[in-house]
Amino acid sequence: MSGHAHPDGGSAVVSRSAVVSRSAVVSRSAVVPRSAVVPRSAVVPRSGDAPRFVVASDLDRTLIYSNRALALDVPDRLAPRLLSVEVHDGKALSFMTEEAAALLVELAREAVLVPATTRTRAQYERVNLPGPTPGWVPPYAICANGGRLLVDGVPDEDWQTEMAGRLAEGAAPLAEVVDHLALCADPEWTHKRRVADELFAYLVVERAELPTGWIAELTGWCAERGWSVSLQGRKVYAVPTPLSKSAALAEVVRRVGPSTVLSAGDSLLDADLLLAADAAWRPGHGELADTGWTAPGVTALDEIGVAAGEEIARRFLARVRGEAGVPVPAPALGA
């Protein structure tokens, strides 16, 4: 995960956010059993008894990549062709390979594809993912680390109300945390202070100048108030514990109905999302790779950079078509 309201590298403190568990997975986080899912009508119709899939993926440094995260460690003439999927102020910011884009189009035809990002809604809406029809938008999207749920691109007010209740019951007010950060973060090494969608806060810092023990002290203070802290690259995130991608994913599955859930992510903020899936993948870069994080059902890929994004899309589609008995073609030569 990288850029904007999104991690961009480095070590992190493991979040205590709630996790939607697969039947055999036990984590250190609170567990919401998948057995509690209430079926609803299908979003993507499938013939006969073919399985339904919900595919939830982090965006930055998982499916899409900034220039500095591409990791094109090949001669220029051998580099893959890239498709721009995000433009801001007239500048292309994020990319995926053309092959990954083609795989994603097929995946969107055959599964419920759910982007799951720490980006705010406004930041997410700059991303233009390839889809099976002109103007396609994902049927569901998870923004602000689970605090916002978009349905056909429109914010879901019921989910927003639900999350407001969970936050009021399970975490100290945002204002209290913002005030504490203002007092304890020295302007000498703090470049920016931000609040994301009135849900969580983060700082952009000069990481090398952080005082020894400062992160640990902040983590302890936040933990007493139902918040968690994550240091990722130059960003220090303070996130309320009830705010998690897996919580929003559980709501999507409740609406879609019984499904096989697949997921992918690179950051420790994605750990609960990976634990919530029946099968999951993480790239060879990012906080999860750097810390050696693993769990049953999670596959650690060797690929890094934009090549990892392509491989994740390929693995998603292979799993969807594999269970349906449909093979996935190898990538086209020269792609």
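Because the structure is a prediction, the values reported are computed rather than measured.
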Handout entry: Heavy-atom closest pair, residues R148 and Q160
Key = NH1-CG, 3.7 Å
Problem - Validation row: W136, P138 side chains within 4.5 angstrom (heavy atoms) - result: yes
Handout entry: Atom pair CZ (R234) and NE2 (H191), whose distance is rounded to the nearest 0.5 Å
Key = 5.0 Å
Problem - R282 side chain near T299 side chain, heavy-atom distance below 4.5 Å - result: no
Exercise for the section: Identify whether the distance between the nearest side-chain nitrogen and carboxylate oxygen of R121 and D197 falls below 4.0 Å. Expected result: no
Exercise for the section: For the residue pair I304 and D73, establish whether any side-chain heavy-atom pair is separated by less than 4.5 Å. Expected result: yes
Problem - Atom CD of E188 with >12 non-hydrogen neighbours under 6.0 angstrom - result: no
Problem - Transitive ILVMFWY side-chain link V87 to V137, under 4.5 Å - result: no
Completion exercise
Interatomic distance, CG@L274 vs OG@S267, rounded to 0.5 Å, equals 9.5 Å
Practice task
Please answer whether the main-chain N or O of G226 pairs with a side-chain N or O of T241 as donor and acceptor at a distance below 3.5 Å.
Solution key: yes
Fill in the blank from the handout: What one should report as the nearest heavy-atom pair of L301 and A308 is CD1-O, 4.5 Å
Completion exercise
So CG of L243 and OG1 of T118: to nearest 0.5 Å the spacing works out to 9.0 Å
Practice task
Using a cut-off of 6.0 Å, state whether more than 12 heavy atoms not belonging to E198 lie near its atom CD.
Solution key: no
Exercise for the section: Answer whether the closest heavy-atom distance between the side chains of Y140 and V54 falls below 4.5 Å. Expected result: no
Fill in the blank from the handout: The residue among E311, E310, R81 that forms side-chain hydrogen bond (donor to acceptor under 3.5 Å, both in side chains) with T97 is E310
Exercise for the section: State, with a plain yes or no, whether a side-chain heavy atom of L218 is found less than 4.5 Å away from one of H180. Expected result: yes
Problem - Backbone N/O of L103 and side chain of R314: donor-acceptor pair under 3.5 Å - result: no
Problem - Side-chain heavy-atom pair M96, P130 within 4.5 angstrom cut-off - result: yes
Problem - Point-to-point distance, once rounded to the nearest 0.5 Å, from CG of L269 to CG of N145 - result: 5.0 Å
Handout entry: salt bridge (charged side-chain N to carboxylate O under 4.0 Å, His left out) evaluation trace for R255 with D158
Key = CA-CA 12 Å; R255 298 182 186 200; D158 289 342; 5.3 Å; no
Practice task
Kindly give the heavy-atom pair with the smallest separation between L150 and C143, and that separation in Å.
Solution key: CD1-SG, 4.1 Å
Handout entry: Over all atoms of both residues, closest heavy-atom pair of P132 and V105
Key = CA-CG1, 3.9 Å
Practice task
Take V229 and W221, measure what side chain to side chain contact (heavy atoms under 4.5 Å, CB included) needs, and give me the verdict at the end.
Solution key: CA-CA 10 Å; V229 173; W221 185 91; over 6 Å; no
Fill in the blank from the handout: Per side-chain hydrogen bond (donor to acceptor under 3.5 Å, both in side chains), T62 is matched among D266, D270, T117 by D266
Problem - side chain to side chain contact (heavy atoms under 4.5 Å, CB included) assessment of D272 paired with L249 - result: CA-CA 10 Å; D272 67 292; L249 174 60; over 6 Å; no
Handout entry: Atom pair OG/CD1 of S244 and I142 - distance to nearest 0.5 Å
Key = 9.0 Å
Handout entry: Pairing of E86 and R119 as salt bridge, 4.0 angstrom limit
Key = yes
Practice task
For residues P187 and R193, determine if any side-chain heavy atom of one lies less than 4.5 Å from a side-chain heavy atom of the other.
Solution key: yes
Handout entry: side chain to side chain contact (heavy atoms under 4.5 Å, CB included) partner of V55, the single match among V112, L317, L262, I312
Key = L262
Problem - Least distance between heavy atoms, G265 atom then D58 atom - result: CA-CB, 3.9 Å
Exercise for the section: State, to 0.1 Å, how close N67 and A92 come at their nearest heavy-atom pair, and which atoms those are. Expected result: ND2-O, 4.3 Å
Problem - Side-chain donor/acceptor of K245 to backbone N/O of L273, under 3.5 Å - result: no
Exercise for the section: Determine, using ring centers only, whether Y65 and F95 are less than 6.0 Å apart. Expected result: no
Exercise for the section: Compare all side-chain heavy atoms of L107 with those of V320 and state whether any distance is below 4.5 angstrom. Expected result: yes
Practice task
State the CG-CG distance between L72 and L82, to the nearest 0.5 angstrom.
Solution key: 6.0 Å
Practice task
For F316 and F53, run side chain to side chain contact (heavy atoms under 4.5 Å, CB included): C-alpha distance rounded to whole Å, both residues' side-chain angles, the deciding distance at 0.1 Å, then the answer.
Solution key: CA-CA 10 Å; F316 280 154; F53 288 85; over 6 Å; no
Practice task
Using the six-membered ring wherever Trp is involved, compare the ring planes of Y237 and Y202 and label them parallel, tilted or perpendicular (cut-offs 30° and 60°).
Solution key: parallel
Practice task
Before giving the answer on side chain to side chain contact (heavy atoms under 4.5 Å, CB included), spell out for V236 and W214 the whole-Å C-alpha distance, their side-chain angles and the decisive distance to 0.1 Å.
Solution key: CA-CA 11 Å; V236 179; W214 185 81; 4.2 Å; yes
